[in-house]
Enquirer: 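Below: one structure in structure tokens.
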Amino acid sequence: RRAFLGTTAVGLGSMAFAGNVFGQDKVKLRLSSPATPTDQRAVALTEVFAPGVAAFADFEPHWNATLFKQGTELEAIARGNLEMSITSAQELASIYPEWSIFTAGYLHRDAEHQKKVFAADFMDPMKKKVEDELGVKLLTVMYLGRRQVNLRTENEIKTPADMAGIKLRMPGTDAWQFLGSALGANPVPLAFTEIYTALQTGAVDGQDNPLPTVRDSKFYEVTKQIVLTSHLVDLNYVAFSKAVWDKLTPDQQAAVQKAADDAAESGRQKQLALEAELEQFFKDQGLKVYTPDVDAFRTHVQKAYLESDLAKDWPEGMVDKVNAL
Ligand code: KDO
């Protein structure tokens, strides 16, 4: 699990700074993500982050996982082969188990709560460890949205019991698989870029993602219903190479931080607006969209987490601190 941690980014990052004889080259900031270029996180990074750092850096995003496969980006940054990604708590948890606290269903309440949690003092030791050991600086939190269950099957889902036997595509780490089981389904690990075909061919019965993603990646074309479980208020962290960061001047570091925060805020507002309007869009497309017994899902999911081995790795008292914010 931690095999690659011996080779952190220390001393790397020179590729990103390949200067010419005049030393005038800009810093190259390559980002790899499975997100599409039209996803609101991608739009915000392209339209807000890139201009914010343009004076000294060229932002070079690679969307649709064209540079690195989903889930391999953190390792690529640690090895000095990549400068940026938008990573998840689930990816961090596969290296540092305590991060699985933020993979728990029904913990974060909404976009504002995510912001408060990320800024809280109790996050400092967790962020520092990722920075010191992995060579990855987590700059800011991006809002992905409330994850909903999206199925190609037609049976109505009211409670977790109705999810029995449903092959639910979840991203390919243990933390995601756990969430799929906690929802009552049979989780199937699959990369984001393979969801559409898997739904189309019936290799899986459904997937979970926020409404803007369901529209952006056209999953509504190959599914029949959206069950508004809101089981995870999902996020991504903007991950930045510590080796590259350390070579920037204090002014440049401040500009990177501001550009990342501004991009996150812009993406957050757009994603929230989309979530509010998309229910009608899917109904117009002929999908059933409805709210199940969310209390039944919440109770089932929270119980599964609190009784799980995952919870044993959570920092003492942190659930209470998160809930108190
Ligand atoms: C997904 O694979 O379902 C997921 O939504 C997980 C997120 O953490 C994130 O990686 C996201 O995909 C990608 O950015 C694509 O939108």
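All ligand and atom numbering here is 1-based and tracks the order in the structure. Computed from a prediction, not measured in an experiment: that's the story for all the values here.
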Enquirer: Do NZ/NE/NH1/NH2 and the carboxylate oxygens of Asp58 and Lys28 come within less than 4.0 Å?
Expert: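 Between Lys28 and Asp58 there is no salt bridge, as every charged N stays at least 4.0 Å from the carboxylate O atoms.
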
Enquirer: Is the distance from the ring center of Phe102 to that of His108 below 6.0 Å?
Expert: yes

Enquirer: Quick check: do Lys137 and Tyr237 have side-chain heavy atoms less than 4.5 Å from each other?
Expert: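 No; the side chains remain at least 4.5 Å from each other.
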
Enquirer: Report yes or no: do Asn150 and Thr223 form a side-chain donor-acceptor pair below 3.5 Å?
Expert: yes

Enquirer: Does a side-chain N-to-carboxylate-O contact under 4.0 Å join Glu154 and Lys288?
Expert: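 No, no charged N to carboxylate O under 4.0 Å.
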
Enquirer: Would you please write out the protein residues whose heavy atoms approach any atom of ligand 1 to under 4.0 angstrom, listed by chain and number?
Expert: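 Lining ligand 1: Ser33, Pro34, Ala35, Arg41, Gln70, Ser88, Leu144, Arg147, Arg169, Pro171, Trp176, Phe192, Asn209, Asn236.
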
Enquirer: Charged N to carboxylate O below 4.0 Å: is that the case for Arg147 and Asp234?
Expert: yes

